[in-house]
Amino acid sequence: MDILYLLIPLSAVLVLIILGVFGWALHRGQFEDLEHEGERILRDDDGPVDDHQVLTQIKPEKSSNLLPERREEKPYGS
């Protein structure tokens, strides 16, 4: 029974922390445009997701050197 004196305040603090994180996410606009993120995977554009990726996005050059060379197998006895 004495453990309730510890568990009830801890659970109240945990609920306040969860509500604080939810309020912070709501204030920052995390739930503003839910449809856009669902449709983004269906589009065929290779653009950056956000502004920070514009500077770090590097497109690899198309080259035939990406695949290992394929050797032709010679039949036995040649």
Side-chain angles (χ1 to χ4, degrees):
M1 191 69 175
D2 291 335
I3 194 69
L4 290 178
Y5 293 125
L6 177 66
L7 291 179
I8 291 174
L10 283 178
S11 64
V13 168
L14 182 63
V15 166
L16 289 176
I17 290 173
I18 290 171
L19 286 174
V21 169
F22 178 72
W24 174 78
L26 193 64
H27 180 68
R28 298 275 308 209
Q30 294 292 319
F31 306 109
E32 290 293 321
D33 191 13
L34 298 177
E35 289 82 20
H36 174 72
E37 291 301 317
E39 294 170 356
R40 181 174 53 91
I41 61 171
L42 299 175
R43 285 189 231 125
D44 194 27
D45 56 348
D46 292 326
V49 176
D50 57 10
D51 294 336
H52 299 291
Q53 290 182 348
V54 173
L55 300 175
T56 60
Q57 186 178 20
I58 299 172
K59 292 187 179 181
E61 295 179 12
K62 293 184 179 181
S63 173
S64 61
N65 296 335
L66 297 176
L67 298 175
E69 292 182 19
R70 186 173 184 184
R71 290 190 241 164
E72 295 182 23
E73 296 181 17
K74 296 180 182 178
Y76 293 111
S78 328

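Computation of the quantities below employed the complete heavy-atom set of this structure, encompassing side-chain atoms and omitting hydrogens, waters and symmetry-equivalent molecules.
- Taking CD1 of Ile8 as the start and CD1 of Ile3 as the end, the distance is 10.5 Å to the nearest 0.5 Å.
- Contact of the Leu14 side chain with the Leu10 side chain is not registered, since no non-hydrogen atoms from C-beta on lie closer than 4.5 Å.
- Note: the hydrophobic cluster containing Met1 does not contain Leu6 (ILVMFWY, side chain heavy atoms under 4.5 Å, direct or indirect links).
- Enclosure of atom OH in Tyr5 is not indicated, since only 12 or fewer non-hydrogen atoms of other residues, nucleotides or ligands lie within 6.0 angstrom.
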